[in-house]
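To start, the structure under review is shown below, and the notes come after it.
For ligands, and for the atoms within them, numbers begin at 1 and follow the listed sequence.
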Amino acid sequence: MRNPIIAALDVPDAETALKLAAQIAPAVGAFKIGKELFVAAGPDIVRRVRDTGAAVFLDLKFHDIPNTVARAVAAAARLDVQMLTIHTSGGSEMMRAAKKSAQDTAKLPGLQSPLVLGVTVLTSLDNAALGEIGFQPDTARQVERLANLAVKAGLRGLVCSPLEIAALRKILPAAIQLVTPGIRTRLGEASGAAWAGAEKADDQKRTLTPREALQAGANWLVIGRPIYAAENPRAAAEKILELLM
Ligand code: C5P
């Protein structure tokens, strides 16, 4: 089995990110670079993490007119990232443009097409918040609607909350890759281990354990604080991997 852990490098600067990456690399399958680190450290941080041989998930959640998104995806593909995100609510044409751009850019020597992942409904939005912006005030139905649209537009992967995995697996082609944040071991500090304790009182409310998420049908687990905020991030990553075996 390949290692399904994508460790989120949710840290403020390049040096911290590279130090963390070096520490945990043997225990994880890929690294996620999101908005904070990318805005602070620029594309150079992507190159430097890629130079270590690690796979990179560039999580910038593009949402713009199709031409602009296509060009941003091309720039990301030239950085040789393995996964990137776009908002499915940008519409079919935007999603098709993103996919085509990823594939076209991959025709350049030495590049492979990144997996373009669609984000459906942000987990920070509830039914009332969805209704307020004019969407159907039913997050589950809206997620399914956007997921179907994404697949029709040619996307081969989606980001989803742990509690959406099972429902999406029922309606999506089996080949669609599901990438899931909101993973918590729930082992707590009681274990007394150096890797525990980083999960208490954070803002992820609807979580699954790593094993539950894979059993429900996730392909990749995005894990942030349970690893990077642990006293010993390497031990935390190793423990999580062990829980998956
Ligand atoms: O620290 P934690 O494990 O909660 O980190 C999860 C990562 O996944 C963060 O980088 C967060 O931005 C991202 N994410 C999330 N929930 C979503 C989408 C992405 O937590 N719905």
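Counting protein heavy atoms only, atom 20 (O) of ligand 1 is closest to Gln204 NE2, 2.7 Å. Protein heavy atom closest to atom 2 (P) of ligand 1, with residue, atom name and distance, is Arg184 NH2, 3.4 Å. When hydrogens are left out, the protein atom nearest atom 11 (C) of ligand 1 is Lys32 NZ, 4.3 Å; that is the closest non-hydrogen contact.
Backbone and side-chain nitrogen or oxygen atoms of Lys61 are examined, and none is located within less than 3.5 angstrom of a nitrogen or oxygen of ligand 1. Note: an N/O pair closer than 3.5 Å links Gly224 and ligand 1 by distance alone. In terms of N/O distances under 3.5 Å, ligand 1 is approached by Asp10.
Ion pairing between a basic and an acidic side chain is recognised when a charged N comes within 4.0 Å of a carboxylate O; Lys19 and Glu15 show no such pairing. Under a 4.0 Å N-O distance rule, the pair Glu93/Arg96 does not qualify as a salt bridge. With respect to Arg184 and Glu212, no salt bridge is recorded, no charged nitrogen being found less than 4.0 Å from a carboxylate O.
Around atom 19 (C) of ligand 1, the closest heavy atom drawn from Pro181, Pro162, Pro226 belongs to Pro181.
The Thr123 neighbourhood of ligand 1 comprises atoms 16 (N), 17 (C), 21 (N), with distances under 4.0 Å to a heavy atom of that residue. Shown in contact with Val222 at under 4.0 Å from a heavy atom are these atoms of ligand 1, numbered in order with element: 7 (C), 8 (O). Interface atoms of ligand 1 facing Arg225, defined by a heavy-atom separation under 4.0 Å, are 1 (O), 2 (P), 3 (O), 4 (O).
Of the possible polar contacts, none joining the Arg48 side chain to the Leu18 backbone as a donor-acceptor pair under 3.5 Å is found. Side chain of Arg211 to backbone of Met245: a donor-acceptor contact under 3.5 angstrom is found.
Counting heavy atoms from C-beta outward, Asp138 and Leu130 have side chains that stay 4.5 Å or more apart.
With Val56 as the fixed residue, the side chain to side chain contact (heavy atoms under 4.5 Å, CB included) test singles out one of Leu79, Leu84, Val49: Val49.
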